[in-house]
Novice: 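Right, I'll just put the structure down here and ask away after.
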Amino acid sequence: MPTTATHPRTPVRALVRLAVAAVLATGGALAVPSAAAADNPYQRGPAPTVAVLEASRGPFATSSYSVSALSVTGFGGGVVYYPTSTAEGTFGAVAISPGYTATWSSLSWLGPRIASHGFVVIGIETNTLLDQPDSRGRQLLAALDYLVQRSSVRGRIDAGRLAVAGHSMGGGGSLEAAAARPSLQAAVPLAPWNLDKTWSGVRVPTLIVGGESDSIAPVATHAVPFYTSIPASSEKAYLELNGASHFFPQTVNTPTARQTVAWLKRFVDDDTRYEQFLCPGPSGSAVDEYRNTCPSS
Ligand code: 9J3
Ligand code: ZN
């Protein structure tokens, strides 16, 4: 599929990155990690397969550490997960927020799962359990700022390759963060909840995952209008899980992990090897519906 001709936002980003890589490369071959493909300095890990995306872990071994709320500002601490090896160079980073009244422990399976595909991940605690989506959005951005500016893993992260995700009010917060910081490379709201139904300002590539049977953030009044309101000129996708409740992200959910990782790889790493999992999207008994801005041919 001729990606560069059909994804209007990709060529600019890719060209800027390639230009930067070319400049770095003139200073010495060590500036470009040896494992990266020659045409994409951000490609990490082996060629993807459905089996690897659906496995409980990806190809990278990970480590983690806890972040005390007392040691940071703007969010409530959390847990950082990161690939242990630095042999392939730096990684993109993702901040993830839980939902209303929930702690990071409600989503913690996603931390090592995503990190093991080659990302630095911070699962955040919010300042209070009752924080609303706009606050959660600001806290996600504060957590990314912490990661790239002050964390002990900051040297492992490319500061320009950042993403957000979250569940429920954390998913609503992911939309808030994407609207507020268009330099983000991806957003993945899961069963998102927000009183604001219109996200026409979002330019960040956004994958929304909804549950068909969600009665707390019904897709008809949350995920679907959120998806529809994002302009078609933005990269976007909507995955609706067959029969899933509001709480599908709180236990291991294979379709959610597979699509989330593929989306992050495609847009945070510019890794077109993952296009095959996005266009066409997933099918099968777990999938009620998939919408996207894939090219029609
Ligand atoms: O974060 C969420 O689970 C939002 C759904 C919710 O409980 O909203 C009630 C105001
Ligand atoms: Zn549906």
Side-chain angles (χ1 to χ4, degrees), residues 67 69 74-79 94-111 113-114 121-144 163-181 184 186-199 202 204 206-230 236-253 255-257 259-260 263 286 288-289:
V67 179
F75 68 109
V79 183
V94 189
I96 309 177
S97 168
Y100 191 62
T101 74
T103 63
W104 169 244
S105 67
S106 66
L107 301 179
S108 59
W109 69 277
L110 280 167
R113 178 93 178 221
I114 293 172
V121 177
I122 183 165
I124 73 166
E125 304 297 357
T126 47
N127 293 325
T128 84
L129 295 176
L130 308 184
D131 292 339
Q132 296 295 299
D134 58 342
S135 172
R136 287 170 198 265
R138 291 190 293 271
Q139 293 181 57
L140 285 166
L141 298 177
L144 291 174
V164 292
H167 176 218
S168 196
M169 286 195 191
S174 302
L175 290 164
E176 303 271 359
R181 193 177 285 184
L184 293 176
V188 184
L190 306 173
W193 187 99
N194 203 308
L195 292 174
D196 189 341
K197 310 303 180 187
T198 304
W199 296 94
V202 169
V204 175
T206 300
L207 165 67
I208 297 178
V209 187
E212 183 194 19
S213 302
D214 188 334
S215 57
I216 294 172
V219 295
T221 50
H222 293 77
V224 167
F226 301 167
Y227 172 80
T228 304
S229 70
I230 298 170
K236 62 175 182 173
Y238 172 59
L239 170 61
E240 188 175 307
L241 299 175
N242 197 22
S245 82
H246 185 61
F247 300 103
F248 73 81
Q250 296 190 339
T251 56
V252 174
N253 185 285
T256 296
Q259 289 311 114
T260 297
W263 195 261
D288 181 71
E289 189 180 345

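Nothing here was measured: the structure is a model prediction, and the numbers come from that model. Whatever order the structure lists ligands and atoms in, that order sets their numbers, starting from 1.
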Novice: Any side-chain donor paired with an acceptor under 3.5 Å for Glu176 and Asn194?
Specialist: yes
Novice: For residues Gly211 and Phe248, report the shortest heavy-atom separation together with the two atoms involved.
Specialist: N-CE2, 3.6 Å
Novice: Name the residues with a heavy atom less than 4.0 Å from ligand 1?
Specialist: Gly99, Tyr100, Ser168, Met169, Trp193, Ile216, His246
Novice: Using the test salt bridge (Lys or Arg N to Asp or Glu O under 4.0 Å), find all partners of Asp131 that sit at least two apart in sequence or belong to another chain.
Specialist: none
Novice: Can you find a heavy atom in the side chain of Val219 that is under 4.5 Å from one in the side chain of Glu240?
Specialist: yes
Novice: Can you sort out the partners of Arg113 under salt bridge (Lys or Arg N to Asp or Glu O under 4.0 Å), two or more places apart, ordered by chain and number?
Specialist: none
Novice: Please list all pairs meeting side-chain hydrogen bond (donor to acceptor under 3.5 Å, both in side chains) that have one or both residues in residues 213-226, counting only residues at least two apart or in different chains.
Specialist: Lys197-His222, Asp214-His246
